[in-house]
Amino acid sequence: MPATTSPFRQFTRLAAACMVAFVALCGIEWLWVRAVTKQITAVPARTALIARDRMLSQRFIFGTIASIQAPSAEARGPWFAEREWSRTAIEESLAKLHDISAHTAEGSTTVRPTLAAELLRMDTTALSLLSTGDDLVTDRLDGTRGPLSESEIASLVLRLNQFIGMVDTIVANEVTWTEQRTRALQRDQSIVFGGIVLVVLLLVLVVLRPAAMRMGAMAKSIAQSNTQLAEQAAALEDATHELESQNLELQAQQNSMEQHRQLLESVQIALGRNEERYRAIFTTMAEGLVLRDDRGQLQAWNPSAARIAGVPESEFAQVVGAQSVFELLDDQGLPLAEELYPFNEVLRTGKPQLDRVVSVRRRDGAIRWLRFNLRLVQSEQFDLDGRRGVVGSFVDITEERATAERLRSFSVVLEQTDQPIAMTDAQLRLTWVNRAWTEATGYSLDEAIGKRPGELLHGTHTAADTVERMRAAARQGEPFSGEVLNYRRDGTPFWMEVHTTPLRDERGVIESWISVERDITSRKTEERERQQLAAALAVTTDGIGIVSVGGGLEFVNHAYARVHRDRPRNLIGRPWTSRFPSEEALRIERDIIPLVTRLGAWSGEVIGMRANGDIFPQELSITLLPTGGLVCVMRDATDRKSAEEMLRTQAMNDELTGLFNRRGFFAMANSRLEDARRRKAPALMLYGDADYFKQVNDTYGHEVGDRVLQTIASVLRSCFRSSDIVARLGGDEYVALLLDTPADTIDTLREKIEVALHEVNALGVCPCPIGMSFGYAAFDPDQATTLDELLRSADETLYEVKRTRRAARAAA
């Protein structure tokens, strides 16, 4: 007979089974709580990424618009940097969201099922927005398109608002799902705590009931039961601590979710403000903006559209839906076929209409000129219920067109004038310059537009007081006339005579300035040269007089009056020849003046007469002026004559050539150099020898060699002035000291000597051609240079000339 199981044992087994089932259920619940907690913990990071994409998309679109609309490359740079940073940040954030989407697609039951599809749609829309912005920038960077039209800006803003709405929906779904899961976790916690209480009651029943029935007989069993109860109580206490820690963790997550919710609210408030700003811009734009579907129904418009159309804003949508607001006209003023209307052409061809100008007849009969910018949009871009639409802008350019026609006729005249003309706005920034202005300054029209004239033309030596007077006149709104030193684009200075006049509107407010200019550089140069010449004439040691066509003195410098022992005012107006003895005056009139008239110049020695009647030798150079009259340069030769006489008495001439010898040259040259140093006058030392003279002696003999030396001396004597010191130092070496002669005349002197030698060779004076090589050295009266140093320097120059010739012959 099978043994029967007592009720107590059955109850005990049932209680144990319930405990095992409940422990298993608690484990499963614990795993569920951890999984859901992990997903809830990921929600703030994910929604933060989504909200960050919302903000970055706005920065990208604003950066795109600003970088295209910026007036210059310097202003465009920061916006390009802002745009590129936003674009990179959006792509990185989208990559992270793509990973989240991929993990969601693996089928986690604790993640919102529609999250993957929403993130994929958000990714696609964001990339499309980036692509649209990149296309607009690319079109403008290659120079084929101008700034963004109002319709393109409106299209970008509408697409941005669509993306923002999508992002807000995703974030709202995430917040709703998180709140639902949080409530579910709280409900599960309540169930777990209730189960714990139930298990405790079952344990009490399991332990206490057998103890009451077997109290007396099972003391040992009671002790064992107490031990088991203590162990189970410890386990329950551990489970209680674990649940409490989970409860604290869940509470922290709830606090984090609350902070995240507050952050999202602040972000939504900021975005709402931006949206209000965009709506304000959209509403206050001067251009008319409309979104019209392919059925002719208006989906969106701004007040300017109704104003330009001449229709009250409250009636605009009804009028557009019922009939055309404008009757478009062709070039002959006849009605245009409706299929050729810009909106209809965009719908038919799909191509945008950019800057199209047409004339229209409004409902009130007024003829106006409008400029349209239209672009086709699809339903998914602007929620058009599956239909296509056209977003566009238009602006009334009737007055602008009439003004342009008037200005065009004026611009033709201004462009063709030879006087530089520039126009500036009220802030003195250039708005237009003519061809003569660009030619005078070297700046093109594009380089000048937007700049202030002073930024381009003023330089180091522009007079500060002149600039201040110009600015003061501009501040007071008064015309300005004056002369200013400007600088061309290549840095060349030039003088301009400037006449600036303000142009005022009907209220008397200055709206622009016009500046008419004249290049006076040549006049200023002539004035400066006259001043320099007058200063030079005043300090020169040579006497200078200008004789009129009638023979009277028009000008004399102080040196001229000093040589004649008289005052300049006593000489002006008197006959020039009155300062010569009668015989000498007759010779000048009879012999010298005809030579000057025929040859243009003459130089030589004459006898002058001082105011007290004393006569004196003078060196005289006469030059014929192009307009008639004479320039006479004279020098008192008394000292020179005395010195020459003294040298002759001391036999200082070379016996063969008649020139000064070495002794005579050094004695005369040292005296003349000291005089030049006192007078601060320049001098030039020439040092040369005969070409191939040794070969001449070896081939033809010393007699021919002496003839060559004599011929060279004769040539040099004819090429230099009587006041110049010419000497033969020995052998075939010659030297000449030319007083009051600058260094830049060396090429002229060399050419003169070569021409004279060529003429002598043509006469066949010697059986061999005669040539000479020269070196030179310039005397600076401000330097303590000796005669020996000048000779050494001239000798070095002669050696360099010969070396160059030898190299040229070797190369040939």
Side-chain angles (χ1 to χ4, degrees), residues 61-71 76 79 83 128-160 278 281-282 285-294 296 298-302 304-305 307-309 320 324-331 336-360 368-379 381-382 384 388-401 403-405 408 446 449:
I61 292 301
F62 296 157
T64 298
I65 296 173
S67 62
I68 295 175
Q69 304 297 89
R76 195 176 299 121
W79 287 110
R83 177 184 177 276
S128 173
L129 192 63
L130 293 177
S131 176
T132 300
D134 290 344
D135 291 342
L136 290 175
V137 172
T138 302
D139 289 346
R140 268 68 185 183
L141 288 179
D142 60 9
T144 60
R145 301 278 300 277
L148 290 175
S149 64
E150 295 294 340
S151 62
E152 290 175 323
I153 295 176
S155 176
L156 278 177
V157 172
L158 290 174
R159 295 194 65 180
L160 175 63
Y278 302 147
I281 294 174
F282 182 79
M285 286 179 64
E287 291 192 18
L289 296 177
V290 295
L291 174 60
R292 186 176 180 183
D293 61 22
D294 52 9
L298 280 183
Q299 301 297 325
W301 69 91
N302 68 344
S304 293
R307 175 181 54 78
I308 295 173
V320 173
S324 297
V325 178
F326 303 120
E327 181 183 18
L328 273 67
L329 308 176
D330 59 15
D331 294 338
L336 193 67
E338 287 195 8
E339 60 269 16
L340 299 180
Y341 280 22
F343 273 91
N344 297 332
E345 285 193 359
V346 171
L347 288 172
R348 185 178 70 254
T349 64
K351 297 180 180 179
Q353 295 274 334
L354 301 177
D355 293 330
R356 179 174 175 182
V357 177
V358 296
S359 62
V360 301
R368 310 297 291 179
W369 285 89
L370 303 183
R371 181 171 59 239
F372 286 90
N373 286 282
L374 308 171
R375 188 181 299 274
L376 184 68
V377 295
Q378 302 298 328
S379 175
Q381 293 176 307
F382 291 102
L384 296 176
R388 298 184 305 163
V390 176
V391 62
S393 67
F394 53 93
V395 61
D396 191 331
I397 61 170
T398 305
E399 300 300 329
E400 174 185 339
R401 187 179 178 90
T403 302
E405 288 296 332
R408 188 175 295 111
D446 292 338
I449 295 302

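- Contacts of Leu347 classified as side chain to side chain contact (heavy atoms under 4.5 Å, CB included), with partners at least two apart in sequence or in another chain: Asp294, Leu376, Arg388, Val390.
- For Arg356, the salt bridge (Lys or Arg N to Asp or Glu O under 4.0 Å) test picks out Glu345, with sequence neighbours left out.
- No donor-acceptor pair under 3.5 Å is formed between the side chain of Ser359 and the backbone N or O of Arg368.
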Please assess Ile308 against Leu370 for the test side chain to side chain contact (heavy atoms under 4.5 Å, CB included), listing each intermediate value before the final yes or no.
CA-CA 9 Å; Ile308 295 173; Leu370 303 183; 3.7 Å; yes
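- Take Ile449 and apply the side chain to side chain contact (heavy atoms under 4.5 Å, CB included) test, not counting sequence neighbours, and it matches Leu445.
- For the pair Thr398 and Trp369, the tightest heavy-atom approach, listed with the atom from each and the gap, is OG1-N, 2.8 Å.
- Aromatic ring orientation, Phe343 versus Phe372: perpendicular (interplanar angle above 60°, classes split at 30° and 60°).
- Considering only heavy atoms from C-beta on, Val357 comes within 4.5 Å of Ile397 through its side chain.
- Shortest non-hydrogen contact noted between Leu328 and Pro342 is CD2-CD, 3.2 Å.
- Residues Val346 and Arg375 approach most closely at CG1-C, 4.0 Å, considering heavy atoms.
- Under the side chain to side chain contact (heavy atoms under 4.5 Å, CB included) criterion, Asp355 pairs with Arg371, Asn373, sequence neighbours left out.
- Here Ser393 pairs with Glu287 under the side-chain hydrogen bond (donor to acceptor under 3.5 Å, both in side chains) rule; sequence neighbours left out.
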